[in-house]
Protein chains: 2
Amino acid sequence: MNKKQEIYDEAAKLFQEKGYGAASMRDLAERVHLKASSLYSHIRKKEEILEKICADLAVWFTEAMERVEEMEATPREKVRELLSFHIRTAMDDPTSITVFSDEWKHLEEPYRSQFLASRRDYEERFRRIIQAGVSKGEFRPIDPNIILYTLLSGIRWLHHKQRLPIPQHREGLEMQVIELLLEGLSKKNQ
Amino acid sequence: MNKKQEIYDEAAKLFQEKGYGAASMRDLAERVHLKASSLYSHIRKKEEILEKICADLAVWFTEAMERVEEMEATPREKVRELLSFHIRTAMDDPTSITVFSDEWKHLEEPYRSQFLASRRDYEERFRRIIQAGVSKGEFRPIDPNIILYTLLSGIRWLHHKQRLPIPQHREGLEMQVIELLLEGLSKKNQ
DNA sequence: TTTGTACCCGAACAAGCGTTCGTACTTAAT
DNA sequence: ATTAAGTACGAACGCTTGTTCGGGTACAAA
């Protein structure tokens with residue numbers, strides 16, 4: 001129906017599979033049953049596709065952060081909510097997430113700087129929630145930066161393992177990852 | 001002194017900064033004060049460099065795994081030892097680790113398959129240690145695959161943040177990351 | 001029926017890529 | 001002094017890349 005959207009969707013898959021650099025416009029054209037030159041009736045340039053994928057997901061995460069910040073909840077509940085949102089996004093839209101996580105470096109200026117600024121902002125707000133939890137004694141007294149990056153990074157495998165040896169259904173997987181990150185690997189009281 | 005080694009070292013840095021695909025042989029040549037054609041007095045082809053970086057690190061990790069497997073220790077101590085090794089490697093050689101983690105996909109066959117097989121083997125042995133810990137009740141009853149990927153992934157930010165806002169010295173940072181992964185974010189008994 | 005708009009294509013462009021080739025120059029071994 | 005090996009270079013090759021251009025077709029509005 002909407003050819004433009006079809007191009008964007010197929011491009012995301014292609015960027016995920018081969019990486020932005022190795023994905024050629026002729027590859028992409030073939031997937032949407034066009035010739036390369038015809039793509040330019042729908043888009044201005046290749047990088048525009050990357051920009052849109054990254055920008056859309058940045059908005060997606062920023063809006064989630066706003067909702068969480070407005071919650072009446074403890075830092076622990078807020079962190080749990082953010083982790084849950086990240087995990088669900090990774091499972092529902094693994095293609096875009098991969099591009100967002102791994103291919104943003106191919107953005108040209110000024111979009112690259114904009115992207116990084118927006119990511120820094122998101123991380124800063126996440127860090128504030130963590131800092132609050134540490135100050136309250138809800139969290140272990142660990143450097144908030146270390147916590148921030150370890151949590152975010154500890155999740156970054158989900159979108160790669162879409163159909164790999166994880167025999168779980170959504171809720172079970174989400175619960176276990178969150179439990180592991182919040183409560184740790186070691187079993188307590190022993 | 002040894003020009004070949006200089007090329008390999010500079011190539012690793014270049015691959016890290018721009019990605020394998022975007023790093024051209026002319027870029028690399030300039031960095032070692034040569035012209036592109038002169039590189040081929042020292043190496044056979046571009047991908048050969050990538051092969052060596054990946055293969056060397058694969059050996060590095062496999063040998064560490066062998067030492068850990070031979071330890072007389074609990075699963076918890078073995079996991080702690082492996083995490084410690086990963087973290088130290090990421091901090092001591094962030095350049096190679098980045099290439100090893102992010103650029104291996106550009107390996108051509110049959111090296112790509114070899115690399116993946118070796119990685120699967122490593123993960124399988126790591127998984128066995130985790131499984132032992134779960135069976136003994138030392139670890140939480142979480143799917144060993146989820147534990148494996150979350151632990152390995154939770155560390156994968158260190159090599160990117162070489163000179164970023166982590167004001168820690170080595171031991172402190174290593175201790176805190178391991179504490180966070182093994183004991184969790186939440187403070188106990190409250 | 002004419003005009004306009006949206007879409008598609010083949011051909012071609014300039015630029016960049018990894019790599020090869022022929023040829024020098026330097027250095028050490030014979 | 002002669003040979004051989006090692007290293008460096010400029011030029012060029014064949015290929016792929018993103019993108020442009022001019023011309024074509026389809027279809028709806030005027």
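Naming: A, B, ... by sequence-line order, numbering from 1 per chain.
- Rounded to whole Å, the distance from CD1 on B:Ile43 to C1' on D:dA8 is 15 Å.
- With hydrogens and angles disregarded, a donor-acceptor distance shorter than 3.5 Å links the side chain of B:Thr89 to the backbone of B:Phe85.
- D:dG18 atom C1' lies 15 Å from atom CD of A:Glu51, rounded to whole Å.
- Candidate nucleotides D:dT19, C:dC8, D:dA8 were compared by shortest atom distance to the side chain of A:Lys46, and D:dT19 ranks first.
- Distance CG (B:Leu39) to C1' (D:dG6): 15 Å, rounded to an integer number of Å.
- Out of C:dC8, D:dT20, D:dA8, the shortest distance to the side chain of A:Tyr40 is found at D:dT20.
- Within the nucleic acid shown, A:Ala23 comes within 4.0 Å of sugar-phosphate atoms alone, with no base atom in reach, counting heavy atoms only.
- Comparing D:dG18, C:dC9, C:dC8 by their closest approach to the side chain of A:Ser37 singles out C:dC9.
- Residue B:His42 places at least one side-chain N or O closer than 4.0 Å to OP1 or OP2 of D:dA8.
- A donor and an acceptor atom sit less than 3.5 Å apart, one in the side chain of B:Arg26 and one in the base of C:dG18.
- Regarding A:Lys35, its NZ atom lies at a distance of 16 Å from the C1' atom of D:dT25, rounded to whole Å.
- Between A:Tyr20 and A:Phe15, the ring planes are perpendicular. Angles over 60° get that label, and only those under 30° would be called parallel.
- Note on A:Met175 and B:Leu181: separate hydrophobic clusters, where clusters join Ile, Leu, Val, Met, Phe, Trp and Tyr whose side-chain heavy atoms are under 4.5 Å apart, directly or indirectly.
- Not one N or O on the side chain of B:Arg127 forms a donor-acceptor pair closer than 3.5 Å with the backbone of B:Pro144.
- Distance, B:Lys3 NZ to D:dG6 P: 18 Å, rounded to whole Å.
- Counting non-hydrogen atoms under 4.0 angstrom, A:Ser41 reaches a base of the nucleic acid.
- Taking atom CZ of B:Arg44 as the reference point, atom P of D:dG6 lies 13 Å away to the nearest angstrom.
- Residue B:Ile7 contributes atom CD1, which lies 13 Å from atom P of C:dT19 at whole-angstrom precision.
- Relative to the side chain of A:Leu34, the nucleotides D:dG10, C:dC9, C:dG18 differ in distance, and C:dC9 lies closest.
- In this structure, the CD1 atom of A:Ile49 is 15 Å from the P atom of D:dT17, given to the nearest Å.
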Verdict with supporting geometry, A:Phe126 and A:Tyr149, ring pair (Phe, Tyr, Trp, His ring centres under 6.0 Å): CA-CA 10 Å; A:Phe126 205 143; A:Tyr149 294 129; over 10 Å; no

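- For B:Met25, whose side chain is taken as the heavy atoms from C-beta onward, the closest listed nucleotide among C:dC9, C:dC8, C:dT19 is C:dT19.
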